[in-house]
Amino acid sequence: MSDKKVRVRFAPSPTGGLHLGGVRTVLYNYLFAKKHGGDFIVRIEDTDQTRFVPGAEDYIFECLKWAGLEPDESVQHGGNYGPYRQSERKELYRNYADQLVAEGHAYYAFDTPEELDQMRQQYKTDENPAPQYDQKVRMQMRNSLTLDGDTVHELMHSDTPYVIRIKMPENETVSFNDMIRGEVSFNTSVVDDKVLLKADGMPTYHLAVVVDDHLMEISHAFRGEEWLPSAPVHVLLWKYLFGEDKMPQWAHFPLILGPNGKLSKRDGAKYGFPVFAMNWKDPKSDELTEGFKEKGFLPEAFINLLAVLGWNDGTEQELFSIEEMIDKFSMDRVHSAAPNSIMKKRNGSTRSGSKNWMHRL
RNA sequence: GGCGCGUUGGUCAAGGGGUUAAGACGCCUCCCUUUCACGGAGGAAUCACGGGUUCGAUUCCCGUACGCGCUACCA
């Protein structure tokens, strides 16, 4: 971490409004990069073509601009590691997936959605309500592990759709050091054979994040805690493809919770507290969700609020300028516990805080 | 169900093997006197529960409970 230039990335998928948690992830990325003289990259993760939402990408950049968290590299800012939109990198991923198959770490799977559904129904019990495509069932499915070579060859050269799945090893322990949580480990037997390359030729997040982090020379990879369960897949992919020693340092941020779990835009409407950075109007439904900007928050106040949602500098200070944050930020001072509901926090904020942070224009 | 992460006062939240366990909001008492987020002085907490390690645990380990997350050809 000392010999490598710090390069971090925020990788949103352009599917709708930019959530509070997303902006906080951006902020921590930004602070970390600036503190260490590194680069902050924004990479658009648009590999799911069924979820494409027109305008969402531009909207994300507008939010970052308003918040004052401009990337050094992105589709809009240029850079030497492009393209910065994964849909435009489609051709890159296939070779890595094939390489994994060739080396025995992955396999071709021909199961149709109906067959997958059938498998889940068949193995579903009270004890196991969510059966996975894993080592226990993969030998019962239609894939290059169970089919003979000729059949596989034939299927692949007809127009039969297929995916590439990772072959999770049996009973190995995968562990890594999270900058916030310390050592985290998993047994590979309980992780399923995630799809790496989809039938349409697009990678899933799992493959794309590893390939792109490598190609873009990302040194530290930060994301929300919801990714922790699939981290072993990513660690294994790094090991198979590029070497575990090249893997970025991970940090998984605690989720920002609403009154009933994961904060949703519905909570925002219900409690009169914004969830998105800026107004977002869904192009399909025309539904408008209010943002912090339109609610009257100053960007500095918004950023400050987010900064202390999970981080503190060890003193009693709770009002920071962006320069102070850059100066004082450190990942090991990010709390591992989810900050209790932002709605409550708003009520528990200090008087001076209320005056300065939340003040309307 | 499985796996993972988490759990400090009414609320938000520092700290983290030996402390009087910060601070803020709220609450109570008082001062100022004034209110509609005014100012000031005080008051109230054995850190979810049960074991273990240790001279000593709120801090480390295990279990339980509870909360949250993941368990898609979504990210």
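Throughout, a chain's letter reflects where its sequence line sits, starting with A, and its residues are numbered from 1. The shown structure was predicted, so the numbers you read here are calculated from the model rather than taken from an experiment.
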Item checked: Pair assignment for B:U35, Watson-Crick or G-U wobble, requiring both distances under 3.5 Å -> none
Notebook entry, point to check: At under 4.0 Å between heavy atoms, what does A:Val209 touch on the DNA or RNA strands: base, sugar-phosphate, or nothing?
Noted result: nothing
Item checked: Same apolar cluster: A:Val174 and A:Met179, side chain cutoff 4.5 Å -> no
Item checked: Strand contacts (RNA chain B) in residues 121-128 of chain A, 4.0 angstrom heavy-atom criterion -> A:Asp126, A:Glu127, A:Asn128
Notebook entry, point to check: Using purine N1 to pyrimidine N3 plus N6-O4 or O6-N4 for Watson-Crick, or N1-O2 and O6-N3 for G-U wobble, both under 3.5 Å, which nucleotide pairs with B:C12?
Noted result: B:G23
Check: Taking any strand in view, what nucleotide pairs with B:C5 in a Watson-Crick or G-U wobble way, both distances under 3.5 Å?
Finding: B:G67
Checklist line | Candidate list A:Arg9, A:Arg43, A:Arg7, test salt bridge (Lys or Arg N to Asp or Glu O under 4.0 Å), partner A:Glu73, passing option | finding: A:Arg7
Item checked: Base-pairing assignment for B:U53 (Watson-Crick or G-U wobble, both under 3.5 Å) -> none
Check: Crowded around A:Glu154 CD? As in, over 12 foreign heavy atoms under 6.0 Å?
Finding: no
Next item on the list: Provide the distance between the two C1' atoms, one in B:A13 and one in B:U71, to the nearest whole Å.
Entry: 33 Å
Next item on the list: Using the P atoms only, state how far B:U7 lies from B:G15, rounded to an integer number of Å.
Entry: 12 Å
Notebook entry, point to check: Is the number of heavy atoms from other residues, nucleotides or ligands within 6.0 Å of NE2 (A:His153) greater than 12?
Noted result: no
Margin query: In whole Å, I'd like the distance from the CZ atom of A:Phe176 to the P atom of B:G4.
Written below: 12 Å
Margin query: Distance check, C1' atoms only: B:C47 and B:A21, in whole angstrom units.
Written below: 8 Å
Note to self: Need the pair for B:A75. Rule: Watson-Crick or G-U wobble, both distances under 3.5 Å, any strand; none if unpaired.
What the structure shows: none
Margin query: In whole Å, I'd like the distance from the CG atom of A:Leu196 to the P atom of B:A75.
Written below: 12 Å
Check: Tell me: CG of A:Leu305 to P of B:C12, nearest whole Å?
Finding: 15 Å
Notebook entry, point to check: Which letters describe nucleotides 66-73 of chain B, given B = protein heavy atom under 4.0 Å from base, S = only from sugar-phosphate, - = neither?
Noted result: --SBSSSB
Check: For atom P, what is the distance between B:U58 and B:U20, given to the nearest Å?
Finding: 14 Å
Margin query: Less than 6.0 angstrom separating the ring centers of A:Tyr30 and A:Phe329, yes or no?
Written below: no
Check: Is the distance from OP1 or OP2 of B:C74 to the nearest side-chain N or O of A:Ser13 less than 4.0 Å?
Finding: no
Margin query: Just the rounded figure in Å: distance from C1' of B:A75 to CG of A:Asp212.
Written below: 14 Å
Note to self: Base, sugar-phosphate or nothing for A:His335? Non-hydrogen atoms, less than 4.0 Å.
What the structure shows: sugar-phosphate
